[in-house]
> 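The structure's right below; bear with me while I get my questions together.
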Amino acid sequence: MRFECRVPATRMPVQNTTVPTPAAIDDAATGVSLPPWARSHWRAILTLGDQGLVSVGSFVTNFLLLNHFAFDKRHYAHYTLAFTLLIWVAEFQATLVFTPHTILSPRRSGDALRRLHGSTLIHHFAVSIVAMLALAAAAPLVYPYDPEMASVLLVLAGGTLAIGLRNYARPYSFTARQPGAAVLLDAAVCVLQIGGVMALAWADLLTASTAIAVLAAAAAVPAGAWLIAKRRAFSPSIPHAVADLRNEWPNTRWVLFSGVVWNAGMQLYPFLIAVLIGQIEVAVWGACYQLAAVANPLLMGMQNFIGPRIAEAYTERSGAGFARFVYRIAVVTALLMIGPAVLLSVFATSALAWISRGQYTGHQAAITFLCAAIVMQAITFTLSRGLFALGRADLDLYCNFGPLLLLFTGGTWLTLHYGTTGAAASMLIAQLLSSGSRAFVFAAAARGDRSPATVLDPATGLRGAV
């Protein structure tokens, strides 16, 4: 199964005034005309800078909350659980909406590209509405056991559309080679989010519910302005959206199922801790995870650039050349992550104690395990996107069952006996299993990418169906 691009064998690239070329898109995003060798570097710099903004907003918000809730860990535990649910929704949208968008966008142009953008926007809002209804329905079920968490779920449901639109705008900008638009969007969100949390803390109105409300409010205005500014790039049509979903579903279903299983294996740990130990330990997990995640800006910034680049590389390189390209990226990104991970392992414990006013101490092992897991995630992500580009998301799905099985067996035992440290060790083992299995299946899939429908066009250097 694969996303196919039907390109005549001798077709040459066409440039005209109605279909902007990648170079023109890059020039419009940066405001200056750059030579070809500089455009890719400039995109990478802006992409990394944008991820830095996002991470600063997230880290400062979390550290403000951690400091404010230092003596009331239940509030921070509720925020941690709610933020984990936000990650689930964002990943669900990314796998269902933006993985096919990233793969197909380099293969379309003009009206066809605008229709694709319109379809993904409709798909995105459909997912957001389903998530909103699910969260709202969960609130009354949770209320008898935890009324405060129920109110957090209701606020989260109300903010899903705004937060989701911001999460749509970012990968759209990267895929469209307009990282400058993402930088402006995220700079505005960062200022509004941090300012809102500080204002609530000063007024002594900061709770888990009001913190989630600030996230939604900070995303609403910039994301709405972005959509208005980019409206001409979209040609939404419900019939086209349904048809596109039907056409993409044979491969997208594997991407979707893979994402669901992956998130279950990686993001259920705070809920497992809550069930086995209690919400206070959830706050400890959230604090350790946020400190380890200080290494994430570099990783996620690279991922924002790597995902579209791998999709483009598949249209440019032969099977063996594409495989070597993916392996090289996996090794380089992992090596780049080792330095930040080691530094965090050394200094994060004392930083955590300072931020929490001495309430979170003695968690060195947990932070070290989580930092090592982030390094392995660099390899996992790259190989995963390589499988997606090959049209073998089904193999990616199978690789994700190992971490999920570990969660409910050894991970449960480690969490029950060693708390946050055991959960962090289980997550590291899961990443090792995931990256190892993906390396094996990607090698096999790349060797087997010999379909007659996929050839390297000697005239254009592009791959397509003949």
Side-chain angles (χ1 to χ4, degrees), residues 58 61-93 125-167 193 196-197 199-201 203-220 260 263-264 266-290 356 359-360 407-408 412 415-416 419-420 423:
S58 177
T61 297
N62 271 279
F63 296 157
L64 287 172
L65 294 174
L66 185 60
N67 183 270
H68 188 79
F69 298 142
F71 299 100
D72 191 353
K73 294 181 180 179
R74 289 180 62 85
H75 279 297
Y76 192 69
H78 288 145
Y79 179 83
T80 298
L81 294 173
F83 196 78
T84 302
L85 291 174
L86 274 179
I87 294 175
W88 270 61
V89 175
E91 291 292 337
F92 191 81
Q93 290 168 331
F125 278 119
V127 173
S128 294
I129 291 171
V130 170
M132 178 181 66
L133 295 175
L135 290 168
L141 300 177
V142 172
Y143 183 82
Y145 308 98
D146 193 338
E148 184 179 350
M149 188 63 199
S151 67
V152 171
L153 290 175
L154 285 176
V155 174
L156 187 59
T160 298
L161 288 177
I163 296 172
L165 182 58
R166 184 263 184 110
N167 291 336
Q193 183 173 304
V197 170
L200 288 175
D204 200 24
L205 296 174
L206 190 58
T207 65
S209 295
T210 58
I212 294 297
V214 165
L215 297 188
V260 170
N263 279 289
M266 292 294 170
Q267 300 297 337
L268 277 177
Y269 281 99
F271 296 95
L272 183 67
I273 293 170
V275 171
L276 296 179
I277 306 175
Q279 289 188 350
I280 301 302
E281 195 72 10
V282 173
V284 174
W285 168 268
C288 293
Y289 192 89
Q290 286 301 319
S356 66
Q359 296 303 302
Y360 294 83
L407 172 72
F408 290 111
T412 300
T415 302
L416 183 62
T420 297

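Computed from a predicted structure; not experimentally measured.
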> Return the set of residues passing side chain to side chain donor-acceptor pair (under 3.5 Å) with H75 (not counting sequence neighbours), or none when no residue passes.
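Counting only residues at least two positions away or on another chain, H75 forms a side chain to side chain donor-acceptor pair (under 3.5 Å) with D72, E148.
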> Could you tell me which residues satisfy side chain to side chain donor-acceptor pair (under 3.5 Å) with S128, sequence neighbours excluded, listed by chain and number?
Q93
> For the residue pair Y360 and Y76, categorise the inter-ring angle as parallel (less than 30°), tilted (30 to 60°) or perpendicular (more than 60°).
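Correct class here is perpendicular.
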> Apply side chain to side chain contact (heavy atoms under 4.5 Å, CB included) to D204 and H68, showing your working.
CA-CA 9 Å; D204 200 24; H68 188 79; 4.2 Å; yes
> Nearest 0.5 angstrom please: I163 CD1 to L86 CG, how far?
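It is 4.5 Å, given to the nearest 0.5 Å.
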> Could you tell me the separation between the CG atom of N263 and the CG atom of L85, rounded to the nearest 0.5 Å?
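Taking CG in N263 and CG in L85, the distance rounds to 11.0 Å.
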> Taking side chain to side chain donor-acceptor pair (under 3.5 Å) as the test, write out the residues that go with Y289, two or more places apart.
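If we apply the side chain to side chain donor-acceptor pair (under 3.5 Å) test to Y289, skipping adjacent residues, there are no hits.
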> For a quick test of reading the model, state the closest non-hydrogen atom pair linking Q359 to K73 and the distance between them.
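Nearest heavy atoms, Q359 then K73: O-NZ, 3.3 Å.
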> Side chain to side chain contact (heavy atoms under 4.5 Å, CB included) with Y79: which of L215, L206, V152, L66?
L215
> Residues in side chain to side chain donor-acceptor pair (under 3.5 Å) with T80, at least two apart?
none
> To the nearest 0.5 Å, how far apart are CG in L65 and NE2 in H78?
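Going from CG on L65 over to NE2 on H78, the span is 14.0 Å.
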> Run the side chain to side chain contact (heavy atoms under 4.5 Å, CB included) check on F271 and V282 step by step: do they pass?
CA-CA 8 Å; F271 296 95; V282 173; over 6 Å; no
> Compare every heavy atom of P270 with every heavy atom of T84, then report the nearest pair and how far apart it is.
OG1-CG, 3.7 Å
> Measuring from atom CD1 of I129 to atom OG1 of T160, what distance do you get when rounded to the nearest 0.5 angstrom?
10.5 Å
> Do F408 and L268 have side chains that approach each other closer than 4.5 Å (heavy atoms only, starting at C-beta)?
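They are in side-chain contact.
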> Applying side chain to side chain contact (heavy atoms under 4.5 Å, CB included) between E281 and each of T415, L276, T420, report the one that passes.
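Filter result, single survivor: T420.
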> Which pair of heavy atoms, one from S58 and one from Q290, lies closest together, and at what distance?
OG-OE1, 4.3 Å
> Donor-acceptor pairs under 3.5 angstrom involving side-chain atoms of residues 132-145: please list them, not counting sequence neighbours.
none

> Testing the basics here: between A216 and G159, what is the closest heavy-atom pair and its distance to 0.1 Å?
CB-CA, 3.5 Å
> Can you run down the salt bridge (Lys or Arg N to Asp or Glu O under 4.0 Å) pairs that involve residues 267-280, sequence neighbours left out, and say none if there aren't any?
none
